[in-house]
Amino acid sequence: MPEFAIFLHPTAGAAPFEPELVQRHCRHLATLADEGRLIAAGPFSDAQDGGMIVGLFDSADAASSFAANDPFVREGVETADVRPWIMARPANGFLGQLAPAPGTHPYFLETLRLRATTRRFAAKHVGAELVRTLLEAALAAPSEFNLQPWRPIVCQGQPQLLRLRRCCFDQPQIAFAGLAVICAVDPAVFRDEVPRAVDELVGSGRWAPDERETQIAFVRSYYEDARASAVLNGAIFGHQLLLAGLSVGLQGFWLGGFDAPAMRGEFGIPERAHIAGVVGLGWPDGTETPLPRRSMEQVVGFGAWPDR
Ligand SMILES: Cc1cc2nc3c(=O)[nH]c(=O)nc-3n(C[C@H](O)[C@H](O)[C@H](O)COP(=O)(O)O)c2cc1C
């Protein structure tokens, strides 16, 4: 989706902004944020006033219409000027000599440090488009041999969330969440989809074509005990989903306390499947304080087991 920058210029002689008008402007911005389409917004802090909104819009018309509907513009205290914009990131080569690589988010490290399990959320819907964006990001998670064995089940809305909550020893955070995803893994993939994964690796040049049969046999033998791999790949998927949520301003939780047979029965999860856990996400209703962490000196070994 293309990016647009909306510049808001104060109208000469306009009355000072009333707090109620600023709140309406913020709610307008929140409609963009709720769909994961707000990149940045804020006022200029010099004497010229005005502000800037950067977001993702389907077209220039959609960006202009968003700008025209901004309460500041509707009330005539500001005018808007919309320009197509492209965020410089390694992937589009706009950062000079850097090779294309996954982009970096300036606040991502800070987000990781400040993350804390959140179990209460604002009663605000997580829109379908944002859910798809989050799932797409989670589906980009790494997996062994790129087999992608996950089969997540997305629950949204009270009827589905309450069904899930009953399978999780009634833990209340499930029902507060905007969405909760059962991170299930199908170990049959470790057998049935090996040719597909090997062909993709051969196609991408990682393995030579004449290695195909040997690699298929090797990968299948690797999974004689697939349980540990199911746990690992499912958890990686779930955590990528959680981090995707954090990156757009959601908060969330991991939940491992559930009744697996009940969950299988309720959601039609086959006996062979492994359930790594449940990840819940929702819009924050306050701020959680991170719990204490062990220090690096206490737990990390540099070059050897941290025997202390
Ligand atoms: C795999 C896993 C399973 C968890 N299961 C539950 C759970 O069933 N119920 C719960 O309230 N919290 C659960 N948690 C959250 C942990 O209690 C929490 O991550 C831990 O106390 C550290 O707090 P923090 O996430 O705020 O840093 C789980 C976390 C993980 C990683």
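Counting starts at 1 for both ligands and their atoms, following the listed order.
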Undergrad: Against the six-membered ring of Phe4, is Arg83 placed for a cation-pi contact (under 6.0 Å from the centre, within 45° of the normal)?
TA: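 Pair Arg83/Phe4 does not count as cation-pi.
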Undergrad: Return the minimal non-hydrogen interatomic distance between Ile275 and Ala260, and the atom names on each side.
TA: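 Answer, listing the atom of Ile275 first, then Ala260: CD1-O, 4.3 Å.
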Undergrad: If you measure from the Lys or Arg side-chain nitrogens to the Asp or Glu carboxylate oxygens, is any gap between Arg196 and Glu193 under 4.0 Å?
TA: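 Yes.
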Undergrad: Compute the shortest N/O to N/O distance between Leu291 and ligand 1 and return yes if it is under 3.5 Å, no if not.
TA: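 For ligand 1, there is no N or O atom that lies under 3.5 Å from one belonging to Leu291.
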Undergrad: Which protein heavy atom lies closest to atom 19 (O) of ligand 1, and at what distance to 0.1 Å?
TA: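 That would be Thr117 OG1, 3.2 Å.
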Undergrad: Which ligand 1 atoms does Arg293 reach within 4.0 Å, using its non-hydrogen atoms?
TA: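 Heavy-atom distances to Arg293 below 4.0 Å select 24 (P), 27 (O).
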Undergrad: How far is atom 8 (O) of ligand 1 from its nearest protein heavy atom, and which residue and atom name does that atom have?
TA: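 Ranking protein heavy atoms by distance from atom 8 (O) of ligand 1, first comes Gly257 N, 2.9 Å.
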Undergrad: What's the shortest distance from atom 12 (N) of ligand 1 to any protein heavy atom, and which residue and atom give it?
TA: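 Of the protein heavy atoms, Arg119 NH2, 3.1 Å lies nearest.
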Undergrad: Can a salt bridge be assigned to the pair Arg165 and Asp170 using a cut-off of 4.0 Å between side-chain N and carboxylate O?
TA: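 Between Asp170 and Arg165 there is a salt bridge, with a charged N closer than 4.0 Å to a carboxylate O.
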Undergrad: Using a 4.0 Å cutoff against the non-hydrogen atoms of Gln171, which atoms of ligand 1 qualify?
TA: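 Counting from 1, the qualifying ligand atoms are 7 (C), 8 (O), 9 (N), 10 (C), 11 (O).
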Undergrad: Is it the case that the side chains of Ser229 and Glu144 hold a donor-acceptor pair, with the cut-off being a distance below 3.5 Å and no angle test?
TA: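 A pair is found: one side chain offers a donor N or O, the other an acceptor, under 3.5 Å apart.
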Undergrad: Taking only heavy atoms of Gln173 into account, list the atoms of ligand 1 that are under 4.0 Å away from them.
TA: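 Reading through ligand 1 atom by atom, the close ones are 9 (N), 10 (C), 11 (O).
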Undergrad: Identify the closest protein heavy atom to atom 4 (C) of ligand 1: which residue and atom is it, and at what distance?
TA: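 The protein heavy atom lying closest is Gly256 N, 3.3 Å.
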Undergrad: Is NZ or CZ of Arg119 both nearer than 6.0 Å to the six-membered ring centre of Phe253 and within 45° of the ring axis?
TA: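 Not satisfied by the 6.0 Å and 45° rule.
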Undergrad: When you compare ligand 1 with Ala116, is there at least one nitrogen or oxygen pair between them that comes in under 3.5 angstrom?
TA: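 No; the residue has no nitrogen or oxygen that sits under 3.5 Å from a nitrogen or oxygen of the ligand.
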Undergrad: Nearest non-hydrogen contact with atom 1 (C) of ligand 1 belongs to which option: Phe253, Phe169, Trp254, Phe258?
TA: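 Checking each option, the heavy atom nearest atom 1 (C) of ligand 1 is found in Trp254.
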Undergrad: Please name the pair of heavy atoms, one in Asp49 and one in Pro10, separated by the smallest distance, quoted to 0.1 Å.
TA: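 The pair with the smallest heavy-atom distance is CB-CG, 3.8 Å.
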